[in-house]
There are 2 protein chains.
Amino acid sequence: MAIKENGKNAAVHVHEHTGNAHELKNLMPDEDKLYDLAELFKCFGDSTRIRILFALFENEMCVCDLADSLNMTQSAVSHQLKILKQMKLITNRREGKSIIYMLADSHVSSIIAQGIEHILE
Amino acid sequence: MAIKENGKNAAVHVHEHTGNAHELKNLMPDEDKLYDLAELFKCFGDSTRIRILFALFENEMCVCDLADSLNMTQSAVSHQLKILKQMKLITNRREGKSIIYMLADSHVSSIIAQGIEHILE
DNA sequence: GCAACATATGAGCATCTGTTCATATGTTCA
DNA sequence: TGAACATATGAACAGATGCTCATATGTTGC
């Protein structure tokens with residue numbers, strides 16, 4: 001058994017129980033993509049943001065209405081909206097004094113729908 | 001304009017810019033479901049766990065091989081596998097001294113595929 | 001311009017999260 | 001049974017995260 005000396009206790013030995021340890025690297029997306037992907041799902045990984053998305057799934061709404069119906073602070077909503085917008089899950093348009101937010105594309109509902117399917121099993 | 005006195009600066013006034021603030025409550029899943037959904041997506045919201053899932057997407061693997069190919073500590077992998085298993089994204093079986101992990105169902109790849117579609121735009 | 005409304009933003013704080021380290025549990029084989 | 005291998009787990013710590021509070025920016029109508 002070969003010995004690797006990288007100082008990590010997890011990799012002091014090299015063996016292949018399933019013989020698959022090295023092939024997957026070709027399949028694995030590069031680090032940047034993996035990070036982006038994780039960042040994307042992180043958006044869905046908070047019940048506040050999920051609630052915002054559910055609200056916008058039904059109707060476009062201004063910040064004020066979102067805060068009101070979700071029983072949240074305007075500031076808290078605004079902070080989360082910024083995150084959702086950075087990830088391009090939502091867009092907005094100004095309408096007078098208000099800014100109306102809406103879902104950006106169909107991926108949002110697709111992803112959530114898949115998630116719901118999973119937890120309903 | 002009605003005044004609510006709940007002490008939150010976000011909801012001191014009640015108005016309906018879009019007129020949709022109260023209808024969505026019928027559509028919104030209950031708190032438990034929302035929490036479960038967020039917990040599920042939280043699993044995908046970490047690049048380590050995403051990498052584990054990608055690895056298992058290709059081949060079932062033991063903890064040791066995962067740690068080796070992902071260049072992680074055995075302990076770190078094991079901790080994350082526990083989380084993924086709790087959320088029923090993966091299952092395992094014992095095979096001699098090793099424990100082989102694999103994806104639990106097709107939802108995992110569906111969800112990740114949707115995520116990839118989104119970030120590739 | 002100014003007052004009222006609507007939203008955005010930065011700092012501070014408490015909580016959550018992922019890793020490491022040490023160690024416990026479980027399996028195989030001699 | 002004991003030694004080596006394989007995995008799991010708990011405590012502790014550092015970094016990330018979401019909220020609040022105060023305040024800044026931007027819009028409308030007088």
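Chain naming here is simple, since letters A, B, ... match the order of the sequence lines and numbering starts at 1 in each. Because the structure is a prediction, the values reported are computed rather than measured.
- Counting only residues at least two apart or on different chains, no salt bridge (charged side-chain N to carboxylate O under 4.0 Å, His left out) pair has a member in residues 96-121 of chain A.
- Rounded to whole Å, atom P of C/dC5 lies 18 Å from atom CD1 of A/I99.
- Between A/Y101 and C/dA6 there is no side-chain N or O to OP1 or OP2 distance below 4.0 Å.
- A straight line from CG of A/N92 to P of C/dA8 spans 7 Å, rounded to a whole angstrom.
- Residue pairs meeting the side chain to side chain donor-acceptor pair (under 3.5 Å) criterion with at least one member in residues 31-45 of chain B, sequence neighbours excluded, are B/E39-B/K42.
- The side chain of B/V63 lies closest to D/dA8, out of D/dA8, D/dG18, C/dT19.
- Neither OP1 nor OP2 of D/dG18 sits under 4.0 Å from any side-chain N or O of A/T48.
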Original post:
Where along nucleotides 9-15 of chain C does protein come under 4.0 Å, by heavy atom, of base (B) or sugar-phosphate alone (S), with - for untouched nucleotides?
Top reply: BB-----
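- Close to C/dT20, at under 4.0 Å from its OP1 or OP2, lies a side-chain N or O of B/T73.
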Original post:
Would A/E95 and A/C62 count as a side-chain contact (heavy atoms from CB on, under 4.5 Å) if you check the C-alpha gap in whole Å, the side-chain angles of each, and the deciding distance to 0.1 Å?
Top reply: CA-CA 9 Å; A/E95 205 161 274; A/C62 67; over 6 Å; no
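- Put simply, CD on A/Q80 is 16 Å from P on C/dT7, counting in whole angstrom units.
- A/I83 has its CD1 atom 9 Å from the P atom of D/dC19, to the nearest Å.
- Interatomic distance, CZ of B/F44 versus CG of B/L89, reported as 4.5 Å (0.5 Å rounding).
- Taken from CG in B/L37 to CD1 in A/I50, the straight-line distance is 4.5 Å, to the nearest 0.5 Å.
- Counting to the nearest Å, the P atom of D/dT17 and the CG atom of A/D46 are 11 Å from each other.
- Of the possible donor and acceptor atoms, none in the side chain of B/R94 sits under 3.5 Å from a partner among the backbone N and O of B/I100.
- A/K85 is linked by a side chain to side chain donor-acceptor pair (under 3.5 Å) to A/N92, counting only residues two or more places apart in sequence or in another chain.
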**OP:** Quick one, give me the B/S/- string for nucleotides 25-30 of chain C, reading 5' to 3', where B means a protein heavy atom under 4.0 Å from the base and S means that only happens at the primed atoms, P, OP1 or OP2.
**Re:** -SBS--
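- Closest approach to the B/R49 side chain among D/dT7, C/dT7, C/dG18 is made by C/dG18 (side chain taken as heavy atoms from C-beta onward).
- Using a 4.0 Å cutoff on non-hydrogen atoms, no part of residues 32-45 of chain A comes near DNA chain C.
- Taking the side chain of A/M72 as heavy atoms from C-beta on, and the options D/dC19, D/dA6, C/dT7, the nearest nucleotide is D/dC19.
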